[in-house]
Amino acid sequence: MSAIMMDGKALAASVKRDVKEKVLTLTRQPTLAVILVGDNPASSIYVRYKASDCAECGIRCLDYRLRADTSETEVLALVGELNRRDDVDGILIQLPLPPQIREQVVQEAINPGKDVDAFHPENVGRIMQFAPRFLPCTPAGVMALLRRYGIDPAGRECVVVGRSNIVGKPMALLLLQAHGTVTVCHTRTPDLASVCRRADILISAAGLPGLIRSDMVRRGAAVVDVAINRGVDGKLCGDVDAAVADKASYLTPVPGGVGPMTRAMLLVNTLRAAQMQQLLTR
Ligand code: NAD
């Protein structure tokens, strides 16, 4: 048996086409403001991708590059200004931030209606209540992939490896909302292998190459590899060992699986923010 590879690149392209069409129906061009503090090379690449994704879909991207020694007060002042601007629909702060700036303080300063990353506590709370305003991009991308391949979490055993605020926790909530029976594993889980073997749907977001071996996967399970690691050969890889392809029914490649979907979901959220903003100002 060889797993069907879930093509995130193709699905992301179709999501982007849809966003582009919907953007044309709006009375004003949607605008996403992206704030990058410092010059972390990976963050700079991500910001560049975001700008080009926006351009592809007809979304205006305002790119704010701040010095690495920018103070928290200065960042908060910029966020405040962007919150007040009617022509700005979405605000995103590229993580990680330099140590003098508290992530949580800045995230909480963003107007929840413009919080397209869905990191603001109000938006996190809404996700918890199954009444989301915005869906968190990576977990939403995973759910879209599962839907596309007809994998329904309802009544299935779902195991999520990782409990971060960005991936693991919101992933677990979306699976729960979709009626999965969800287990979340983390570094203190004593027997990861036996928990993973229970999974009909296994999502790994640990950031450790080779963590998920074939003997940890139930035959026929759907396996989603969220992680993006740099392997010893310098190439990108996920958490899931290549041999899992012989055991799973579905598997996401890295790259080309969840990554493109995360990017596409940011555009969906920006469109949604613009639609909500235009309803308010009509
Ligand atoms: P993180 O470091 O904040 O969290 C990792 C989680 O994995 C932690 O909760 C930890 O408890 C758990 N973990 C680590 N080692 C483990 C082990 N041996 N056994 C069980 N659990 C273990 O990372 P994150 O921000 O959640 O990202 C996770 C991975 O996903 C990274 O590789 C990151 O690059 C990737 N990522 C990919 C996308 C995407 O779009 N594909 C988006 C965000 C993050």
Side-chain angles (χ1 to χ4, degrees), residues 32-54 61-83 88-125 127 132-142 160 162-174 186-187 205-208 226-230 236 238-239 254-255 258-270 273:
L32 172 67
V34 178
I35 304 173
L36 173 62
V37 189
D39 46 17
N40 177 316
S43 296
S44 303
I45 293 172
Y46 290 141
V47 166
R48 211 174 325 128
Y49 284 160
K50 282 166 188 166
S52 85
D53 289 340
C54 283
C61 184
L62 304 177
D63 195 349
Y64 292 90
R65 309 259 168 163
L66 309 181
R67 294 180 330 272
D69 62 355
T70 304
S71 69
E72 188 177 278
T73 313
E74 288 171 292
V75 176
L76 290 175
L78 174 58
V79 170
E81 179 200 320
L82 296 170
N83 280 342
V88 172
D89 302 292
I91 304 171
L92 179 151
I93 310 220
Q94 186 65 45
L95 302 178
L97 287 165
Q100 75 277 14
I101 304 169
R102 289 165 296 174
E103 231 169 66
Q104 187 153 1
V105 169
V106 176
Q107 276 164 359
E108 286 185 23
I110 295 178
N111 173 346
K114 298 188 179 191
D115 170 40
V116 285
D117 257 338
F119 291 160
H120 189 285
E122 183 182 313
N123 286 321
V124 175
I127 294 162
R133 175 189 278 127
F134 298 112
L135 290 174
C137 297
T138 301
V142 172
V160 179
R163 58 172 165 182
S164 70
N165 288 336
I166 296 180
V167 189
K169 275 190 268 182
M171 185 73 252
L173 287 169
L174 297 196
H186 46 79
T187 42
L208 268 184
V226 176
I228 304 174
N229 308 306
R230 197 58 77 178
L236 289 186
D239 289 346
V254 179
V258 178
M261 291 305 297
T262 298
R263 287 169 56 182
M265 289 303 147
L266 175 65
L267 303 166
V268 170
N269 281 350
T270 305

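When reading the values below, keep in mind they use all heavy atoms of this one structure, side chains included, and skip hydrogens, waters and symmetry mates.
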Do L266 and D53 come close enough that some side-chain heavy atom pair is under 4.5 Å? no
Side chain to side chain, L174 and V142, heavy atoms closer than 4.5 Å: no
Look only at the side chain of K114 and the backbone of N83, and say whether a donor-acceptor pair between them is shorter than 3.5 Å. yes
Which value, rounded to the nearest 0.5 Å, describes the distance between M261 atom CE and C137 atom SG? 10.5 Å
Nearest 0.5 Å please: distance from the CG atom of L95 over to the CG atom of D117. 7.0 Å
What heavy-atom pair brings A109 and L76 nearest, and what distance separates the two atoms? CB-CD2, 3.5 Å
Is it the case that the side chain of N123 and the backbone of P112 share a donor-acceptor pair, with hydrogens and angles ignored and the cut-off at 3.5 Å? yes
Quick check: closest heavy atoms across P136 and P170, and the distance to 0.1 Å? CG-CB, 3.6 Å
The single option from I166, V124, V106 that satisfies side chain to side chain contact (heavy atoms under 4.5 Å, CB included) with F119 is I166
side-chain hydrogen bond (donor to acceptor under 3.5 Å, both in side chains) involving D239 - partner list, sequence neighbours excluded: S204, N229
Grab the two heavy atoms, one from V226 and one from A205, that are nearest each other, plus how far apart they are. CB-CB, 3.8 Å
Can you tell me if Q100 uses its side chain to pair, donor with acceptor, with the backbone of A68 under 3.5 Å? yes
Looking at CG of D89 and CG of L32, how far apart are the two atoms once the value is rounded to the nearest 0.5 Å? 9.0 Å
Paired with Y64, the side chain to side chain contact (heavy atoms under 4.5 Å, CB included) test is passed by just one of L82, V79, L36, namely L82
Determine which pairs satisfy side chain to side chain donor-acceptor pair (under 3.5 Å) with at least one residue from residues 34-50, sequence neighbours left out, and list them in order. K50-Q94
How about E74: does its CD atom have over 12 heavy atoms from other parts shown lying under 6.0 Å from it? yes
Is there a donor-acceptor pair under 3.5 Å between the side chain of N269 and the backbone N or O of L135? yes
Spacing of OG1 belonging to T270 relative to CG belonging to L92, to within rounding of 0.5 Å: 8.0 Å
Which residues pass the side-chain hydrogen bond (donor to acceptor under 3.5 Å, both in side chains) test with E72, not counting sequence neighbours? R102
Hey, does Q107 have a side-chain heavy atom less than 4.5 Å from the side chain of L97? no
At their closest point, which heavy atom of S71 faces which heavy atom of I101, and how far apart are they? C-CG1, 4.3 Å
Determine whether a donor-acceptor pair (N or O, by modelled atom type, separation under 3.5 Å) exists between the side chain of H186 and the backbone of G162. no
Nearest 0.5 Å, please: how far is CZ in R133 from CD1 in I127? 10.5 Å
When rounded to the nearest 0.5 angstrom, what distance separates CD in E103 from CD in E108? 11.5 Å
